[in-house]
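Worksheet: the structure to be examined is printed underneath.
Because only heavy atoms are used, hydrogens play no part in the values below, and waters and symmetry mates are left out as well, while side chains stay in. We count ligands from 1, going down the list as the structure has it; atoms in each ligand are counted the same way.
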Amino acid sequence: MPFTFYNTLGRTLQTFEPLCAGTVGFYGCGPTVYNFAHIGNLRAYVTHDILVRALRRAAYEVNHVMNITDVGHLSDDADDGDDKMVKSAAERGKSVLEIADYYTQAFFNDTDRMNITRPSTVCRATEHIADMIALIQRIEQNGYTYFTGGNLYFDISKFPSYGELALLRLDDLKAGARTAVDENKRNPQDFVLWFTKSKFENQALVWDSPWGRGYPGWHIECSAMSIKYLGEQFDIHAGGIDHIPIHHTNEIAQSEAATGTKPWVRYWLHNEFLVMDKGKMSKSAGGFLTLQKLIDEGYDPLDYRYFLLGGHYRSQLQFSWESLTGAKNARKSMLDKLHLLADKVSGSGIKNLNTEKAEKTPSVTSVVDYSSFTPAFNKALEDDLNTPRALAELWGLLKDTSIEPQAALTAALDMDRVLGLGLEASLQTEQPACDEGLSHEIEAFIAERAAAKGEKDFAKADKIRQDLKERGIALEDGPGGTTWRRI
Ligand code: AMP
Ligand code: ZN
(Lines give C-alpha, C1' and ligand atoms only; values in the text may rest on other atoms or scores of the structure.)
(Ligands and ions follow the chains in the order given, each with its own letter.)
Protein backbone atom coordinates (compact mmCIF):
# COMPACT_ATOMS: atom_id res chain seq x y z
CA MET A 1 0.00 0.00 0.00
CA PRO A 2 1.29 3.49 -0.75
CA PHE A 3 1.56 6.17 1.91
CA THR A 4 -1.10 8.84 2.12
CA PHE A 5 -0.05 12.22 3.50
CA TYR A 6 -2.03 15.33 4.32
CA ASN A 7 -0.49 17.91 2.03
CA THR A 8 -0.79 21.45 3.39
CA LEU A 9 -0.44 22.57 -0.23
CA GLY A 10 -4.00 21.88 -1.28
CA ARG A 11 -5.19 20.78 2.21
CA THR A 12 -6.04 17.24 1.16
CA LEU A 13 -4.92 13.72 1.90
CA GLN A 14 -2.85 12.66 -1.09
CA THR A 15 -1.28 9.41 -2.20
CA PHE A 16 2.46 9.75 -1.97
CA GLU A 17 4.32 9.27 -5.23
CA PRO A 18 7.99 10.17 -5.12
CA LEU A 19 9.63 11.92 -8.06
CA CYS A 20 12.01 8.99 -8.54
CA ALA A 21 10.68 5.54 -7.69
CA GLY A 22 12.18 4.16 -4.52
CA THR A 23 13.90 7.34 -3.33
CA VAL A 24 12.68 10.29 -1.30
CA GLY A 25 14.20 13.74 -0.97
CA PHE A 26 13.12 15.24 2.36
CA TYR A 27 13.94 18.60 3.92
CA GLY A 28 12.95 19.39 7.49
CA CYS A 29 13.52 22.88 8.88
CA GLY A 30 16.10 22.64 11.64
CA PRO A 31 16.63 24.58 14.85
CA THR A 32 17.65 28.17 15.40
CA VAL A 33 20.55 27.56 17.74
CA TYR A 34 20.38 30.47 20.16
CA ASN A 35 18.93 28.52 23.07
CA PHE A 36 18.07 24.96 24.08
CA ALA A 37 15.34 23.24 22.11
CA HIS A 38 12.11 23.17 24.11
CA ILE A 39 10.03 20.02 24.22
CA GLY A 40 7.62 21.53 21.66
CA ASN A 41 10.48 21.83 19.17
CA LEU A 42 11.32 18.20 19.84
CA ARG A 43 7.81 17.24 18.76
CA ALA A 44 8.68 18.56 15.29
CA TYR A 45 11.83 16.43 15.13
CA VAL A 46 10.11 13.28 16.36
CA THR A 47 7.55 13.83 13.58
CA HIS A 48 10.35 14.08 11.00
CA ASP A 49 11.94 10.97 12.47
CA ILE A 50 8.76 8.91 12.24
CA LEU A 51 8.34 9.99 8.63
CA VAL A 52 11.90 9.00 7.73
CA ARG A 53 11.80 5.71 9.64
CA ALA A 54 8.42 4.73 8.17
CA LEU A 55 9.60 5.45 4.63
CA ARG A 56 12.87 3.59 5.16
CA ARG A 57 11.10 0.57 6.64
CA ALA A 58 8.91 0.61 3.54
CA ALA A 59 12.17 0.27 1.54
CA TYR A 60 12.50 3.86 0.33
CA GLU A 61 15.95 5.32 0.25
CA VAL A 62 15.51 8.63 2.08
CA ASN A 63 17.85 11.57 1.73
CA HIS A 64 17.03 13.67 4.79
CA VAL A 65 18.46 17.18 4.87
CA MET A 66 18.23 19.54 7.84
CA ASN A 67 19.55 23.07 8.27
CA ILE A 68 21.00 24.72 11.34
CA THR A 69 20.04 28.40 11.52
CA ASP A 70 23.05 30.19 12.95
CA VAL A 71 22.52 33.56 11.27
CA GLY A 72 19.76 35.94 10.34
CA HIS A 73 16.67 34.75 12.25
CA LEU A 74 14.93 37.77 13.73
CA SER A 75 12.53 37.30 16.63
CA ASP A 76 9.63 38.09 14.30
CA ASP A 77 9.54 35.89 11.19
CA ALA A 78 8.60 38.96 9.12
CA ASP A 79 11.93 40.81 9.41
CA ASP A 80 11.14 42.57 12.64
CA GLY A 81 12.52 42.42 16.17
CA ASP A 82 15.92 41.39 17.47
CA ASP A 83 18.36 39.07 15.78
CA LYS A 84 17.98 35.91 17.88
CA MET A 85 21.61 34.82 17.60
CA VAL A 86 23.10 38.27 18.24
CA LYS A 87 20.84 38.89 21.23
CA SER A 88 21.63 35.54 22.81
CA ALA A 89 25.37 36.01 22.30
CA ALA A 90 25.26 39.49 23.87
CA GLU A 91 23.27 38.25 26.85
CA ARG A 92 25.70 35.41 27.50
CA GLY A 93 28.90 37.34 26.75
CA LYS A 94 29.91 34.91 24.00
CA SER A 95 30.50 35.16 20.27
CA VAL A 96 27.68 34.23 17.93
CA LEU A 97 29.58 31.20 16.66
CA GLU A 98 30.32 30.00 20.20
CA ILE A 99 26.62 30.25 20.97
CA ALA A 100 25.74 28.42 17.76
CA ASP A 101 28.20 25.59 18.44
CA TYR A 102 27.09 25.16 22.02
CA TYR A 103 23.38 24.96 21.23
CA THR A 104 23.91 22.83 18.12
CA GLN A 105 25.65 20.24 20.28
CA ALA A 106 22.93 20.54 22.91
CA PHE A 107 20.32 20.00 20.19
CA PHE A 108 21.90 16.78 18.93
CA ASN A 109 22.42 15.62 22.49
CA ASP A 110 18.65 15.94 22.97
CA THR A 111 17.72 14.31 19.68
CA ASP A 112 20.14 11.41 20.26
CA ARG A 113 18.64 10.82 23.70
CA MET A 114 15.20 10.73 22.12
CA ASN A 115 16.34 8.15 19.58
CA ILE A 116 15.79 10.59 16.72
CA THR A 117 17.80 9.42 13.72
CA ARG A 118 20.35 11.99 12.60
CA PRO A 119 19.64 13.50 9.16
CA SER A 120 21.70 12.31 6.19
CA THR A 121 22.97 15.88 5.75
CA VAL A 122 23.09 18.65 8.35
CA CYS A 123 23.94 22.03 6.87
CA ARG A 124 24.77 25.25 8.68
CA ALA A 125 23.55 28.52 7.23
CA THR A 126 26.89 30.28 7.84
CA GLU A 127 28.66 27.68 5.70
CA HIS A 128 26.35 28.25 2.72
CA ILE A 129 26.43 32.02 2.22
CA ALA A 130 27.81 31.66 -1.33
CA ASP A 131 24.90 29.35 -2.26
CA MET A 132 22.43 31.88 -0.87
CA ILE A 133 24.04 34.76 -2.78
CA ALA A 134 23.95 32.72 -6.01
CA LEU A 135 20.25 31.92 -5.51
CA ILE A 136 19.40 35.55 -4.72
CA GLN A 137 21.16 36.57 -7.94
CA ARG A 138 18.90 34.22 -9.90
CA ILE A 139 15.84 35.71 -8.21
CA GLU A 140 17.12 39.19 -9.04
CA GLN A 141 17.86 38.32 -12.67
CA ASN A 142 14.33 36.99 -13.02
CA GLY A 143 12.95 40.37 -11.92
CA TYR A 144 11.47 39.61 -8.50
CA THR A 145 13.48 42.01 -6.34
CA TYR A 146 14.00 45.68 -5.53
CA PHE A 147 16.77 47.36 -3.61
CA THR A 148 15.88 50.13 -1.22
CA GLY A 149 17.08 51.52 2.09
CA GLY A 150 20.19 49.36 1.90
CA ASN A 151 18.37 46.03 1.71
CA LEU A 152 17.34 43.75 -1.14
CA TYR A 153 13.65 42.80 -0.97
CA PHE A 154 11.52 40.11 -2.61
CA ASP A 155 8.56 41.78 -4.33
CA ILE A 156 5.59 39.50 -3.73
CA SER A 157 3.44 41.38 -6.25
CA LYS A 158 5.60 39.82 -8.99
CA PHE A 159 4.75 36.32 -7.79
CA PRO A 160 1.02 35.75 -8.41
CA SER A 161 0.72 32.50 -6.47
CA TYR A 162 2.21 34.04 -3.30
CA GLY A 163 0.42 32.70 -0.24
CA GLU A 164 -1.03 29.59 -1.91
CA LEU A 165 0.35 27.30 0.80
CA ALA A 166 -1.20 29.31 3.62
CA LEU A 167 -4.40 30.09 1.70
CA LEU A 168 -3.50 33.76 2.03
CA ARG A 169 -5.57 36.14 -0.06
CA LEU A 170 -3.45 39.07 -1.06
CA ASP A 171 -6.36 41.47 -1.42
CA ASP A 172 -7.48 40.70 2.13
CA LEU A 173 -3.94 41.06 3.37
CA LYS A 174 -3.59 44.50 1.80
CA ALA A 175 -6.92 45.67 3.15
CA GLY A 176 -6.21 44.42 6.66
CA ALA A 177 -2.52 45.25 6.80
CA ARG A 178 -1.32 47.01 9.90
CA THR A 179 1.11 49.87 9.35
CA ALA A 180 4.05 48.35 7.58
CA VAL A 181 6.83 47.80 10.08
CA ASP A 182 9.45 48.47 7.47
CA GLU A 183 8.63 51.61 5.52
CA ASN A 184 10.88 50.52 2.68
CA LYS A 185 8.58 47.63 1.82
CA ARG A 186 6.27 48.10 -1.14
CA ASN A 187 3.90 45.42 0.16
CA PRO A 188 3.70 44.47 3.83
CA GLN A 189 4.50 40.83 2.97
CA ASP A 190 7.66 41.67 1.00
CA PHE A 191 10.66 40.24 2.77
CA VAL A 192 14.38 40.81 2.91
CA LEU A 193 16.68 38.59 0.88
CA TRP A 194 19.85 40.43 1.86
CA PHE A 195 20.41 43.00 4.61
CA THR A 196 23.18 45.54 4.45
CA LYS A 197 21.64 48.06 6.85
CA SER A 198 21.69 46.15 10.07
CA LYS A 199 19.40 47.38 12.79
CA PHE A 200 22.03 46.21 15.23
CA GLU A 201 25.34 47.78 15.90
CA ASN A 202 28.26 45.40 15.71
CA GLN A 203 26.38 42.81 13.68
CA ALA A 204 28.84 40.00 14.30
CA LEU A 205 28.58 38.03 11.09
CA VAL A 206 28.70 39.89 7.77
CA TRP A 207 29.79 38.88 4.28
CA ASP A 208 30.56 40.68 1.02
CA SER A 209 27.84 40.43 -1.60
CA PRO A 210 26.80 42.11 -4.87
CA TRP A 211 24.46 44.30 -2.74
CA GLY A 212 27.10 45.32 -0.21
CA ARG A 213 28.51 43.88 2.99
CA GLY A 214 25.77 42.33 5.04
CA TYR A 215 23.93 39.13 5.86
CA PRO A 216 21.08 37.03 4.44
CA GLY A 217 17.40 37.13 5.36
CA TRP A 218 16.30 34.08 7.29
CA HIS A 219 14.13 32.36 4.69
CA ILE A 220 16.73 32.15 1.90
CA GLU A 221 18.89 29.61 3.71
CA CYS A 222 16.28 26.86 3.48
CA SER A 223 15.71 27.48 -0.23
CA ALA A 224 19.42 27.58 -1.02
CA MET A 225 20.45 24.54 1.01
CA SER A 226 17.51 22.30 0.08
CA ILE A 227 18.05 23.04 -3.62
CA LYS A 228 21.77 22.40 -3.24
CA TYR A 229 21.33 19.00 -1.61
CA LEU A 230 18.00 17.80 -3.04
CA GLY A 231 17.67 19.50 -6.42
CA GLU A 232 15.31 22.11 -7.88
CA GLN A 233 12.29 19.96 -7.17
CA PHE A 234 11.99 17.45 -4.36
CA ASP A 235 9.44 15.33 -2.54
CA ILE A 236 8.72 16.39 1.04
CA HIS A 237 9.28 19.46 3.19
CA ALA A 238 8.23 19.59 6.84
CA GLY A 239 8.11 21.90 9.83
CA GLY A 240 5.76 23.16 12.51
CA ILE A 241 2.48 24.86 11.59
CA ASP A 242 3.87 28.25 12.64
CA HIS A 243 6.03 28.15 9.52
CA ILE A 244 3.11 27.98 7.06
CA PRO A 245 2.15 31.67 6.69
CA ILE A 246 5.58 33.29 6.50
CA HIS A 247 8.67 31.09 6.45
CA HIS A 248 7.45 28.34 4.13
CA THR A 249 5.35 30.75 2.09
CA ASN A 250 8.47 32.83 1.48
CA GLU A 251 10.63 29.76 0.81
CA ILE A 252 8.25 28.74 -1.98
CA ALA A 253 8.18 32.23 -3.51
CA GLN A 254 11.98 32.52 -3.56
CA SER A 255 12.65 29.01 -4.85
CA GLU A 256 10.09 29.06 -7.63
CA ALA A 257 11.07 32.61 -8.61
CA ALA A 258 14.70 31.50 -8.93
CA THR A 259 14.24 28.20 -10.75
CA GLY A 260 10.86 28.52 -12.47
CA THR A 261 10.07 24.96 -11.33
CA LYS A 262 6.58 24.60 -9.88
CA PRO A 263 5.85 23.05 -7.51
CA TRP A 264 9.24 23.33 -5.90
CA VAL A 265 8.12 20.89 -3.19
CA ARG A 266 5.44 18.29 -3.89
CA TYR A 267 4.26 17.44 -0.34
CA TRP A 268 4.23 19.81 2.62
CA LEU A 269 3.79 18.20 6.06
CA HIS A 270 3.21 20.34 9.14
CA ASN A 271 3.06 19.21 12.73
CA GLU A 272 0.63 20.83 15.15
CA PHE A 273 1.89 22.37 18.35
CA LEU A 274 2.60 20.93 21.74
CA VAL A 275 0.73 23.20 24.11
CA MET A 276 0.78 23.82 27.83
CA ASP A 277 -2.19 24.99 29.83
CA LYS A 278 -4.02 25.92 26.66
CA GLY A 279 -1.15 28.11 25.46
CA LYS A 280 1.57 27.46 22.92
CA MET A 281 4.95 26.53 24.28
CA SER A 282 7.40 29.20 23.29
CA LYS A 283 10.75 30.39 24.40
CA SER A 284 9.48 33.84 25.33
CA ALA A 285 6.23 32.91 27.11
CA GLY A 286 6.58 31.00 30.39
CA GLY A 287 6.48 27.22 30.56
CA PHE A 288 9.63 26.67 28.55
CA LEU A 289 10.48 23.03 29.25
CA THR A 290 13.60 21.28 28.05
CA LEU A 291 14.30 17.57 27.76
CA GLN A 292 16.87 17.94 30.53
CA LYS A 293 14.14 19.26 32.84
CA LEU A 294 12.07 16.13 32.16
CA ILE A 295 15.12 13.97 32.90
CA ASP A 296 15.75 15.91 36.13
CA GLU A 297 12.17 15.14 37.13
CA GLY A 298 12.86 11.41 36.76
CA TYR A 299 11.61 10.71 33.25
CA ASP A 300 13.47 8.88 30.53
CA PRO A 301 13.70 10.75 27.17
CA LEU A 302 11.91 7.76 25.65
CA ASP A 303 8.99 8.30 28.02
CA TYR A 304 8.55 11.64 26.30
CA ARG A 305 8.91 9.99 22.89
CA TYR A 306 6.20 7.50 23.90
CA PHE A 307 4.00 10.39 25.04
CA LEU A 308 4.41 12.14 21.66
CA LEU A 309 3.59 9.00 19.69
CA GLY A 310 0.30 8.81 21.57
CA GLY A 311 -0.92 11.87 19.62
CA HIS A 312 -1.27 12.22 15.86
CA TYR A 313 1.23 14.78 14.54
CA ARG A 314 -1.57 16.91 13.04
CA SER A 315 -3.45 17.22 16.33
CA GLN A 316 -2.59 19.68 19.02
CA LEU A 317 -1.12 17.86 21.99
CA GLN A 318 -1.54 19.08 25.55
CA PHE A 319 1.47 18.51 27.77
CA SER A 320 0.95 17.69 31.43
CA TRP A 321 3.10 15.95 33.98
CA GLU A 322 0.25 13.55 34.61
CA SER A 323 0.08 12.40 31.02
CA LEU A 324 3.85 12.12 30.90
CA THR A 325 3.64 9.84 33.94
CA GLY A 326 1.00 7.81 32.11
CA ALA A 327 3.39 7.42 29.19
CA LYS A 328 6.20 6.45 31.53
CA ASN A 329 4.07 3.73 33.13
CA ALA A 330 2.85 2.51 29.77
CA ARG A 331 6.38 2.28 28.40
CA LYS A 332 7.51 0.38 31.47
CA SER A 333 4.64 -2.09 31.03
CA MET A 334 5.58 -2.46 27.40
CA LEU A 335 9.17 -3.29 28.31
CA ASP A 336 7.93 -5.75 30.96
CA LYS A 337 5.80 -7.48 28.36
CA LEU A 338 8.68 -7.58 25.96
CA HIS A 339 10.98 -9.10 28.55
CA LEU A 340 8.38 -11.72 29.37
CA LEU A 341 8.23 -12.62 25.70
CA ALA A 342 12.00 -12.76 25.51
CA ASP A 343 11.90 -14.98 28.59
CA LYS A 344 9.59 -17.38 26.88
CA VAL A 345 11.70 -17.36 23.75
CA SER A 346 14.95 -18.02 25.53
CA GLY A 347 13.32 -20.36 28.01
CA SER A 348 16.02 -19.46 30.46
CA GLY A 349 15.07 -16.06 31.74
CA ILE A 350 16.00 -12.57 30.69
CA LYS A 351 19.03 -12.49 32.95
CA ASN A 352 20.83 -14.54 30.36
CA LEU A 353 20.07 -12.15 27.54
CA ASN A 354 23.14 -10.03 28.19
CA THR A 355 25.56 -12.84 27.82
CA GLU A 356 23.73 -14.85 25.23
CA LYS A 357 22.38 -12.00 23.18
CA ALA A 358 23.28 -13.47 19.84
CA GLU A 359 21.07 -16.49 20.41
CA LYS A 360 18.40 -14.94 22.60
CA THR A 361 17.58 -11.64 20.92
CA PRO A 362 15.79 -12.34 17.69
CA SER A 363 16.73 -10.11 14.82
CA VAL A 364 14.28 -8.61 12.37
CA THR A 365 15.73 -10.86 9.70
CA SER A 366 14.74 -13.89 11.73
CA VAL A 367 13.38 -16.82 9.74
CA VAL A 368 10.23 -16.77 11.88
CA ASP A 369 7.29 -15.63 9.82
CA TYR A 370 5.77 -12.67 11.63
CA SER A 371 4.47 -10.86 8.56
CA SER A 372 0.83 -11.60 9.30
CA PHE A 373 1.00 -9.37 12.42
CA THR A 374 2.24 -6.24 10.74
CA PRO A 375 -0.27 -5.25 8.02
CA ALA A 376 -2.52 -3.31 10.40
CA PHE A 377 0.54 -1.60 11.86
CA ASN A 378 1.80 -0.74 8.38
CA LYS A 379 -1.61 0.55 7.41
CA ALA A 380 -1.67 2.88 10.41
CA LEU A 381 1.61 4.42 9.34
CA GLU A 382 0.62 4.60 5.70
CA ASP A 383 -2.48 6.44 6.83
CA ASP A 384 -0.73 9.81 7.30
CA LEU A 385 1.62 8.46 9.99
CA ASN A 386 -1.02 7.50 12.50
CA THR A 387 1.27 6.71 15.44
CA PRO A 388 -1.48 6.32 18.08
CA ARG A 389 -2.94 3.49 16.00
CA ALA A 390 0.48 2.02 15.30
CA LEU A 391 1.19 2.02 19.03
CA ALA A 392 -2.14 0.31 19.69
CA GLU A 393 -1.25 -2.37 17.12
CA LEU A 394 2.03 -3.02 18.92
CA TRP A 395 0.12 -3.34 22.20
CA GLY A 396 -2.35 -5.72 20.59
CA LEU A 397 0.51 -7.91 19.48
CA LEU A 398 2.22 -7.89 22.86
CA LYS A 399 -0.99 -8.83 24.66
CA ASP A 400 -2.13 -11.54 22.28
CA THR A 401 -1.12 -14.71 24.09
CA SER A 402 -2.17 -16.85 21.15
CA ILE A 403 0.80 -15.68 19.09
CA GLU A 404 3.90 -17.79 19.17
CA PRO A 405 6.43 -15.84 21.35
CA GLN A 406 9.28 -15.82 18.86
CA ALA A 407 7.03 -14.45 16.12
CA ALA A 408 5.53 -11.83 18.46
CA LEU A 409 8.94 -10.71 19.63
CA THR A 410 10.32 -10.47 16.11
CA ALA A 411 7.29 -8.50 14.93
CA ALA A 412 7.52 -6.13 17.92
CA LEU A 413 11.16 -5.38 17.19
CA ASP A 414 10.33 -4.81 13.54
CA MET A 415 7.58 -2.32 14.49
CA ASP A 416 10.03 -0.55 16.74
CA ARG A 417 12.21 0.22 13.73
CA VAL A 418 9.65 2.99 13.18
CA LEU A 419 8.46 3.79 16.70
CA GLY A 420 12.02 4.03 18.00
CA LEU A 421 11.21 3.13 21.60
CA GLY A 422 14.50 1.31 22.06
CA LEU A 423 12.92 -2.13 22.49
CA GLU A 424 15.85 -4.10 21.13
CA ALA A 425 18.32 -2.15 23.26
CA SER A 426 16.17 -2.76 26.33
CA LEU A 427 16.52 -6.52 25.85
CA GLN A 428 20.22 -6.11 26.34
CA THR A 429 19.79 -4.53 29.74
CA GLU A 430 18.38 -6.30 32.71
CA GLN A 431 14.92 -5.13 33.76
CA PRO A 432 14.60 -4.24 37.44
CA ALA A 433 12.85 -7.06 39.21
CA CYS A 434 9.10 -6.59 39.37
CA ASP A 435 7.52 -6.02 42.77
CA GLU A 436 6.44 -9.19 44.45
CA GLY A 437 3.01 -10.17 43.20
CA LEU A 438 2.71 -7.36 40.68
CA SER A 439 0.83 -8.61 37.72
CA HIS A 440 2.18 -7.77 34.30
CA GLU A 441 -1.29 -8.18 32.97
CA ILE A 442 -2.71 -5.41 35.15
CA GLU A 443 0.15 -3.11 34.26
CA ALA A 444 -0.59 -3.67 30.61
CA PHE A 445 -4.25 -2.76 31.19
CA ILE A 446 -3.18 0.41 33.02
CA ALA A 447 -1.03 1.31 30.03
CA GLU A 448 -3.83 0.63 27.61
CA ARG A 449 -6.16 2.80 29.65
CA ALA A 450 -3.61 5.64 29.71
CA ALA A 451 -3.27 5.37 25.93
CA ALA A 452 -7.07 5.40 25.55
CA LYS A 453 -7.28 8.53 27.71
CA GLY A 454 -4.52 10.11 25.63
CA GLU A 455 -6.66 9.47 22.56
CA LYS A 456 -9.69 10.85 24.39
CA ASP A 457 -11.37 7.45 24.15
CA PHE A 458 -12.85 7.76 27.62
CA ALA A 459 -15.44 5.04 27.01
CA LYS A 460 -12.64 2.54 26.48
CA ALA A 461 -10.71 3.85 29.49
CA ASP A 462 -13.81 3.48 31.70
CA LYS A 463 -14.47 0.00 30.41
CA ILE A 464 -10.96 -1.13 31.33
CA ARG A 465 -11.41 0.22 34.85
CA GLN A 466 -14.81 -1.46 35.14
CA ASP A 467 -13.54 -4.81 33.82
CA LEU A 468 -10.74 -4.81 36.37
CA LYS A 469 -13.13 -3.84 39.14
CA GLU A 470 -15.22 -6.86 38.32
CA ARG A 471 -12.08 -8.94 38.76
CA GLY A 472 -11.49 -7.37 42.19
CA ILE A 473 -8.85 -4.84 41.14
CA ALA A 474 -9.25 -1.11 41.82
CA LEU A 475 -7.33 1.47 39.81
CA GLU A 476 -6.36 4.72 41.52
CA ASP A 477 -5.23 7.78 39.62
CA GLY A 478 -2.80 10.01 41.48
CA PRO A 479 -0.24 12.69 40.66
CA GLY A 480 2.42 9.99 40.27
CA GLY A 481 0.32 7.98 37.82
CA THR A 482 -2.10 5.10 38.15
CA THR A 483 -1.69 2.43 40.82
CA TRP A 484 -3.78 -0.67 41.58
CA ARG A 485 -4.89 -2.57 44.66
CA ARG A 486 -7.04 -5.53 45.45
CA ILE A 487 -10.55 -4.62 46.55
P1 AMP B 1 12.83 26.98 15.86
O2 AMP B 1 14.08 26.44 16.51
O3 AMP B 1 12.14 28.02 16.67
O4 AMP B 1 13.09 27.43 14.44
O5 AMP B 1 11.76 25.77 15.79
C6 AMP B 1 12.12 24.46 15.43
C7 AMP B 1 10.90 23.66 15.00
O8 AMP B 1 9.98 23.49 16.09
C9 AMP B 1 10.08 24.31 13.90
O10 AMP B 1 9.67 23.30 12.97
C11 AMP B 1 8.87 24.87 14.61
O12 AMP B 1 7.78 24.99 13.76
C13 AMP B 1 8.66 23.82 15.68
N14 AMP B 1 7.93 24.25 16.88
C15 AMP B 1 8.09 25.41 17.56
N16 AMP B 1 7.29 25.43 18.66
C17 AMP B 1 6.60 24.26 18.67
C18 AMP B 1 5.61 23.67 19.56
N19 AMP B 1 5.20 24.28 20.67
N20 AMP B 1 5.12 22.44 19.24
C21 AMP B 1 5.55 21.79 18.14
N22 AMP B 1 6.47 22.28 17.26
C23 AMP B 1 7.02 23.50 17.53
ZN1 ZN C 1 13.14 26.47 6.89
Nearest to the Zn ion (ligand 2), which N, O or S atom of E251 do we find?
OE2
Which of the numbered atoms in ligand 1 are below 4.0 angstrom from a heavy atom of G40?
17 (C), 18 (C), 19 (N), 20 (N), 21 (C), 22 (N), 23 (C)
Salt-bridge present (R57, D416; N to O < 4.0 Å):
no
Specify whether H247 and W218 have parallel, tilted or perpendicular ring planes, treating 30° as the upper limit for parallel and 60° as the lower limit for perpendicular.
parallel
Would L274 count as being in polar contact with ligand 1, using the rule that some N or O on each side must be under 3.5 angstrom apart?
yes
Can you confirm if the NZ or CZ of R186 lies within 45° of the ring axis of Y146 and under 6.0 Å from the centre of its six-membered ring?
yes
Lys/Arg N to Asp/Glu carboxylate O, R113 vs D300, below 4.0 Å:
no
Going by distance only, is there an N or O of P31 that falls short of 3.5 Å from an N or O of ligand 1?
no
T32 versus ligand 1: do any nitrogen or oxygen atoms come within less than 3.5 Å of each other?
yes
Between K293 and D296, is the closest basic N to carboxylate O distance under 4.0 Å?
no
N-O pairing of K332 and D303 below 4.0 Å
no
Proximal atoms of ligand 1 relative to H38 (non-hydrogen, under 4.0 Å):
16 (N), 17 (C), 19 (N)
The Zn ion (ligand 2) as vertex, arms to NE2 of H247 and SG of C29: angle to 10°?
120°
Can you check whether F273 has an N/O within less than 3.5 Å of an N/O in ligand 1?
no
Of all the heavy atoms in E272, does at least one lie under 4.0 Å from an atom in ligand 1?
yes
Could D477 and R449 be called an ion pair, given the rule that one side-chain N must be under 4.0 Å from one carboxylate O?
yes
Verify the distance criterion only: is there a donor paired with an acceptor across the side chains of S223 and Q254 at less than 3.5 Å?
yes
SB check E393 R389 (cutoff 4.0 Å)
no
Side chain, backbone, both or neither: which part of D242 has a heavy atom under 4.0 Å from ligand 1?
side chain
Taking both backbone and side chain into account, is any N, O or S atom of H219 nearer than 2.8 Å to the Zn ion (ligand 2)?
no
Salt-bridge present (K262, E164; N to O < 4.0 Å):
yes
Hey, is there an N, O or S on C222 sitting under 2.8 Å from the Zn ion (ligand 2)?
yes
Please identify which atoms of ligand 1 are closer than 4.0 Å to at least one heavy atom of A44.
8 (O), 10 (O), 13 (C)
What atoms of ligand 1 come closer than 4.0 angstrom to any heavy atom of G239?
10 (O)
Below 4.0 Å, non-hydrogen atoms only: which portion of N271 touches ligand 1? Side chain, backbone, both or neither.
side chain
